[in-house]
Participant: 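Please find one structure pasted underneath; my questions will follow.
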Amino acid sequence: MRVFKRIVGILLAITLVGSLFAGCVNKSADDGEGTTGEAYVERKKAKVGDKVVFGRYGKEGEKKDIVWLVLKKEGRKLLLISEGVVDVAPYNKTRSSVTWETCELRTWLNGEFLDTAFEAKEKNKIVESKVSTPDNADHKTPGGNDTDDKVFILSIEEAKELFEEDMDRRAKATDYAKEKGLKASTEQLYLGNSPWWLRSPGRSGTDASYVNVDGRIYNSIPVDNAVPGIRPVIWVKA
């Protein structure tokens, strides 16, 4: 009887340990999320605030899993933003009056980045979305026409709504982004943080908005400035 009770106890312990890891990702080739040494939540089980892994990005032959934060959940769709600042590029290569619709960053995100970061089956899970960019509330700079995008970046309004505090907007540069020239703060309070673009216009058509290393939002940087990095945003099927 003692032996039987001991066996039952061991089986119960194994079951309990298994249940503790039930919410963690058990990746497979079918899921299309690669492999990683850390555990993240499966997309189907993810809630707002969780982290998921989807796609891979970086130097060819050395790509790493992209970690995303879940910003919203609507039915079986998740709104994701990259946890880190994954790359660096200007909003537009020339200092001209542009909107999100006409800027070169939008073209790059929905072209080269999309093709590089995601395999075909992953692209099929990304939902093309109607993206509206409001005029700049302080300077009345036009936000431009609505667009249909698979990949985009946040507006000022979304950055304020989805991140309650300035510190929640702070993000660190990935190693790949730093290799590409993205600067990271050396101040102890903001150590490792990098600025990142928002799609909202700035004080004029030749300026765009961005989030600084302290998490605060600014709207006075020229569109051809190469200092801010990029945190892509996608809607993906869970």
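Since the model is a prediction, treat every value here as computed from it, not as a measurement.
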Participant: Looking at Leu78 and Ala46, what are the two nearest heavy atoms and their distance?
Facilitator: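 Heavy atoms only, the tightest pair is CD1-CB, 4.1 Å.
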Participant: Within a radius of less than 6.0 Å around NZ of Lys183, do more than 12 heavy atoms belonging to other residues, nucleotides or ligands occur?
Facilitator: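 Count not over threshold, so no.
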Participant: I'd like to check Lys77 versus Val127 (side-chain heavy atoms, cut-off strictly below 4.5 Å). Are they in contact?
Facilitator: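 A side-chain contact exists here, since the closest heavy-atom pair is under 4.5 Å.
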Participant: Tell me yes or no: between the side chains of Ser132 and Asp146, is some donor less than 3.5 Å from an acceptor?
Facilitator: yes
Participant: Could you walk me through whether Trp196 and Ile81 pass the side chain to side chain contact (heavy atoms under 4.5 Å, CB included) check?
Facilitator: CA-CA 12 Å; Trp196 47 281; Ile81 186 171; 4.1 Å; yes
Participant: Indicate the atoms forming the closest heavy-atom contact of Gly144 with Thr99, along with that distance.
Facilitator: CA-CG2, 3.8 Å
Participant: I'd like to know whether Asp224 forms a salt bridge (charged side-chain N to carboxylate O under 4.0 Å, His left out) with Lys93, so could you lay out the CA-CA distance, the side-chain angles of the two residues, the decisive distance to 0.1 Å, and finally the verdict.
Facilitator: CA-CA 5 Å; Asp224 61 339; Lys93 291 179 182 178; over 6 Å; no
Participant: If we only count heavy atoms from C-beta on, is the Leu162 to Leu154 side-chain gap below 4.5 Å?
Facilitator: yes
Participant: Write down the atom of Ala173, the atom of Lys178, and the distance for their closest heavy-atom approach.
Facilitator: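 Ala173 and Lys178 have their closest heavy atoms at CB-CG, 3.7 Å.
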Participant: Side chains of Lys172 and Asn193 only: does a donor on one sit below 3.5 Å from an acceptor on the other?
Facilitator: yes
Participant: Does atom CD of Glu74 have more than 12 heavy-atom neighbours, drawn from other residues, nucleotides or ligands, at distances under 6.0 Å?
Facilitator: yes
Participant: So, Thr133 versus Arg199: side-chain donor-acceptor pair below 3.5 Å or not?
Facilitator: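 Thr133 vs Arg199: donor-acceptor pair found between side chains.
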Participant: Is the backbone of Lys150 close enough, under 3.5 Å, to the side chain of Asn110 for a donor and an acceptor to pair up by distance?
Facilitator: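 Here the side-chain-to-backbone pair exists.
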Participant: Kindly say whether Ser155 contributes a backbone atom to a donor-acceptor pair with the side chain of Glu158 at under 3.5 angstrom?
Facilitator: yes
Participant: To the nearest 0.5 Å, how far apart are CZ in Arg95 and OG in Ser204?
Facilitator: 9.5 Å
Participant: State plainly whether one hydrophobic cluster holds both Val213 and Leu189, where clusters connect Ile, Leu, Val, Met, Phe, Trp and Tyr through side-chain heavy atoms under 4.5 angstrom apart.
Facilitator: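 Looking at the clustering, Leu189 is in the same group as Val213.
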Participant: Verify side chain to side chain contact (heavy atoms under 4.5 Å, CB included) between Lys51 and Val41, making sure each step is shown before the conclusion.
Facilitator: CA-CA 6 Å; Lys51 297 179 184 180; Val41 178; over 6 Å; no
Participant: Measure from the ring center of Phe54 to the ring center of Phe118 and say whether it is less than 6.0 Å.
Facilitator: yes
Participant: Would you mind reporting whether Ile221 and Asp207 have side-chain heavy atoms less than 4.5 Å apart?
Facilitator: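 They are not in side-chain contact.
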Participant: Is the shortest side-chain heavy-atom distance between Asn145 and Trp100 below 4.5 Å?
Facilitator: no
Participant: So, Arg56 and Asp65, do they make that salt bridge, N to O below 4.0 Å?
Facilitator: yes
Participant: Using side-chain heavy atoms (C-beta onward) and a distance below 4.5 Å, is Asp149 in contact with Arg106?
Facilitator: yes
Participant: With respect to Val227, which candidate in Ser194, Pro195, Pro90 satisfies the side-chain contact (heavy atoms from CB on, under 4.5 Å) definition?
Facilitator: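 So, applying the side-chain contact (heavy atoms from CB on, under 4.5 Å) to Val227 and each of Ser194, Pro195, Pro90, only Pro195 qualifies.
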Participant: Ignoring hydrogens and geometry, is there a side-chain-to-backbone donor-acceptor pair from Lys63 to Thr116 under 3.5 Å?
Facilitator: yes
Participant: Please assess Asn136 against Asn219 for the test side chain to side chain contact (heavy atoms under 4.5 Å, CB included), listing each intermediate value before the final yes or no.
Facilitator: CA-CA 9 Å; Asn136 185 290; Asn219 55 23; 3.3 Å; yes
Participant: So does Arg231 get a backbone contact from the side chain of Ser82, meaning a donor-acceptor N/O pair under 3.5 Å?
Facilitator: no
Participant: Treat each ILVMFWY residue as a node, draw an edge where side-chain heavy atoms are under 4.5 Å apart, and state whether Tyr190 and Ile217 are in one component.
Facilitator: no
Participant: May I ask you to say whether Arg169 pairs ionically with Asp214, meaning some side-chain N is under 4.0 Å from a carboxylate O?
Facilitator: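 Looking at Asp214 together with Arg169, the answer is no, because their closest N to O distance does not fall below 4.0 Å.
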Participant: Out of curiosity, does Ile153 fall in the hydrophobic cluster containing Leu69 (side-chain heavy atoms, cut-off under 4.5 Å, transitive links)?
Facilitator: yes
Participant: So Ile126 and Leu114, do their side chains get closer than 4.5 Å, heavy atoms only?
Facilitator: yes
Participant: Go through the steps to decide whether Lys64 and Tyr176 satisfy the test side chain to side chain contact (heavy atoms under 4.5 Å, CB included), and finish with yes or no.
Facilitator: CA-CA 9 Å; Lys64 295 184 179 180; Tyr176 176 70; over 6 Å; no
Participant: Is there a side-chain contact between Val85 and Thr174 (heavy atoms, below 4.5 Å)?
Facilitator: no
Participant: Ignoring hydrogens and angles, tell me if any N or O in the side chain of Asp166 forms a donor-acceptor pair with the backbone of Arg216 under 3.5 Å.
Facilitator: no
Participant: Might you point out which heavy atoms bring Trp235 and Ser129 nearest each other, and give the distance in Å?
Facilitator: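 For Trp235 and Ser129, the tightest heavy-atom pair comes out as CD1-OG, 3.1 Å.
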Participant: Taking the basic N atoms (NZ, or NE/NH1/NH2) and the acidic carboxylate oxygens, is any pair closer than 4.0 Å for Asp87 and Lys180?
Facilitator: yes
Participant: How close do Trp197 and Ala89 get, heavy atom to heavy atom, and via which atoms?
Facilitator: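 Scanning both residues completely, I find the closest heavy atoms to be NE1-O, 2.8 Å.
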Participant: Could you state the interatomic distance from CD (Glu101) to OG1 (Thr107), rounded to the nearest 0.5 Å?
Facilitator: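 One gets 10.0 Å once the value is rounded to the nearest 0.5 Å.
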Participant: Considering non-hydrogen atoms only, spot the tightest contact between Val86 and Tyr57 and give its length.
Facilitator: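 Where Val86 meets Tyr57 most closely, the heavy atoms are O-CE2, 3.7 Å.
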Participant: Should Val233 and Leu79 count as side-chain neighbours, where that means a heavy-atom distance under 4.5 Å?
Facilitator: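 The answer is yes; the side chains approach within 4.5 Å.
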Participant: Could you go through the salt bridge (charged side-chain N to carboxylate O under 4.0 Å, His left out) check for Asp50 and Lys45 one step at a time?
Facilitator: CA-CA 9 Å; Asp50 285 338; Lys45 299 179 180 179; over 6 Å; no
